[in-house]
Student: 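First the structure, which I've put down as structure tokens, then a few questions once you've had a look.
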Amino acid sequence: VFRPLGMEDSTSVDTADSFAGVDESAPGHVDVYGFPVPREEQPDFVAGSGNTVSTAEDMARWLVPHTNGGRSVTGEPFVGVDTLTEALTPSDPAGSYGFGWRHVPGEGRVAHGGALFSHLSYQTVTDDGLGVAVLSNTLTTSYDTTQPLAVGLVDLFEGRSPESPLPYHRIFDVILAGLTLLSIALGVRRLRLAGVWAERHADRPTWKLTCLLY
């Protein structure tokens, strides 16, 4: 797939050693309270469905055959139209999933997303022949930030005004920060009251203290 499409900056990683060199080119992050914190990828999770590492330019080369009758960016035949159609045709019992592509109900497009422990990605192809891929090296655990960007780009290219989605990840950050501060405040309060509690129950037998604690 990579060679005929000219995807020179894409690779398949199956071990921690093979992933280490790739991760250095685009260090991963995880979103914590609204701030990207550097995070190394977990070596045990680089194989399987998450073992392909690519770039935005190479992802464009991958999407071109899906919008160009199976031909590559240089016009060379890559896959037959019948094969491409078969790959995009749902084959699961629910009638929504093809060969790696999920049909988005009511939107006339297919899509597929991906995530590692420090990266996010989303790609989509419309029935009108538009392909969009968005890659991010920051994982937001509460909300996929690449999907709304890709959908917004589709809207722009098709002459529509993109919707402004609710910033769910920021709302989650605020809630998480509030719960963290509350937890710290309660912990400090318990520490301050520990001495008072100890003095109050200092003369009680051990068995009574055990009952109070449990």
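Along the sequence shown, the residues carry numbers beginning at 1.
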Student: Leu5 vs Val73, test: side chain to side chain contact (heavy atoms under 4.5 Å, CB included). Steps then yes/no.
Tutor: CA-CA 7 Å; Leu5 291 182; Val73 69; over 6 Å; no

Student: When you look at Tyr122 and Thr124, which way does the side chain to side chain contact (heavy atoms under 4.5 Å, CB included) test go after all the steps?
Tutor: CA-CA 7 Å; Tyr122 187 85; Thr124 186; 4.0 Å; yes

Student: Any luck finding a side-chain donor-acceptor pair between Asp144 and Thr146 under 3.5 Å?
Tutor: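 Asp144 vs Thr146: donor-acceptor pair found between side chains.
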
Student: Taking all non-hydrogen atoms of both residues into account, name the closest pair between Pro4 and Ser72 and its distance.
Tutor: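 Reported closest heavy-atom pair: O-CB, 4.3 Å.
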
Student: For Glu8, I'd like to know if atom CD has over 12 heavy atoms of other residues, nucleotides or ligands within 6.0 Å.
Tutor: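 Not buried by this count: 12 neighbours or fewer within 6.0 Å.
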
Student: Calculate, to the nearest 0.5 Å, the distance between atoms OG and CG belonging to Ser121 and Leu116 respectively.
Tutor: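 Rounded to the nearest 0.5 Å, the OG-CG separation comes to 8.0 Å.
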
Student: About how many Å separate OG1 of Thr52 and CH2 of Trp62, when rounded to the nearest 0.5 Å?
Tutor: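 Interatomic distance, Trp62 CH2 to Thr52 OG1, rounded to 0.5 Å: 9.5 Å.
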
Student: Does Arg109 form a side chain to side chain contact (heavy atoms under 4.5 Å, CB included) with Val151? I'd like the steps, not just the answer.
Tutor: CA-CA 10 Å; Arg109 61 185 180 88; Val151 173; 3.2 Å; yes

Student: Relative to the ring of Tyr97, is the ring of His112 parallel (under 30°), tilted (30 to 60°) or perpendicular (over 60°)?
Tutor: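 Answer is tilted, since the angle falls between 30° and 60°.
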
Student: Within this structure, what is the CD-CG distance for the pair Glu57 and Leu135, rounded to the nearest 0.5 Å?
Tutor: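 One finds 12.0 Å between CD of Glu57 and CG of Leu135.
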
Student: What do the steps show when you test Leu153 against Val134 for side chain to side chain contact (heavy atoms under 4.5 Å, CB included), and what is the final call?
Tutor: CA-CA 10 Å; Leu153 288 171; Val134 176; 4.2 Å; yes

Student: Do you know which two heavy atoms are closest between Val104 and Ala111, and how far apart they sit?
Tutor: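 Val104 and Ala111 have their closest heavy atoms at CG2-CB, 4.0 Å.
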
Student: Show me the side-chain donor-acceptor pairs of residues 76-85 shorter than 3.5 Å, one per line, residues at least two apart or across chains.
Tutor:
| residue | atom | partner | partner atom | Å |
| --- | --- | --- | --- | --- |
| Thr85 | OG1 | Val81 | O | 2.9 |

Student: About how many Å separate CG of Leu182 and CG of Leu186, when rounded to the nearest 0.5 Å?
Tutor: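 Rounded to the nearest 0.5 Å, the CG-CG separation comes out at 4.5 Å.
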
Student: Mind listing the closest non-hydrogen atom pair of Ser10 and Ser54 along with its distance?
Tutor: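 Smallest interatomic distance, heavy atoms only, reads OG-OG, 2.7 Å.
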
Student: If two hydrophobic side chains count as joined below 4.5 Å and joins carry through other members, does Leu130 share a cluster with Leu149?
Tutor: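 Both belong to a single hydrophobic cluster.
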
Student: Residues two or more places apart in sequence or in another chain: which of them pass side chain to side chain contact (heavy atoms under 4.5 Å, CB included) with Ala133?
Tutor: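 Expected list: Met59, Leu63, Gln123.
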
Student: Do Glu86 and Phe99 have side-chain heavy atoms sitting under 4.5 Å apart?
Tutor: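 They are not in contact (no side-chain heavy atoms under 4.5 Å apart), so the answer is no.
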
Student: Indicate whether any N or O donor in one side chain lies under 3.5 Å from an N or O acceptor in the other, for Ser136 and Thr138.
Tutor: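 The criterion, which ignores hydrogens and geometry beyond distance, is not satisfied for Thr138 and Ser136.
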
Student: Quick one: salt bridge (Lys or Arg N to Asp or Glu O under 4.0 Å) partners of Arg160, sequence neighbours excluded?
Tutor: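 For Arg160, the residues satisfying salt bridge (Lys or Arg N to Asp or Glu O under 4.0 Å) (neighbours in sequence not counted) are Asp155, Glu158.
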
Student: Where do Asn137 and Pro27 come nearest, in terms of heavy atoms and distance?
Tutor: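 Heavy-atom minimum between the residues: ND2-O, 2.8 Å.
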
Student: About how many Å separate CG of Leu139 and CG of Asp31, when rounded to the nearest 0.5 Å?
Tutor: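 Those atoms lie 8.5 Å apart.
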
Student: Checking His29 side chain against Val37 main chain: does a donor-acceptor pair fall under 3.5 Å?
Tutor: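 No.
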
Student: Can you tell me if OH on Tyr33 sees more than 12 non-hydrogen neighbours from other groups inside 6.0 Å?
Tutor: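 Yes - once you tally the heavy atoms of other residues, nucleotides and ligands closer than 6.0 Å, there are more than 12.
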
Student: Working to the nearest 0.5 angstrom, can you tell me the gap between Arg61 CZ and Thr55 OG1?
Tutor: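 Here the rounded value is 8.5 Å.
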
Student: Identify the two heavy atoms, one from Asp92 and one from Ser96, that lie closest to each other, and give their separation to 0.1 Å.
Tutor: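 Nearest pair, atom of Asp92 first, then Ser96: OD1-N, 2.8 Å.
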
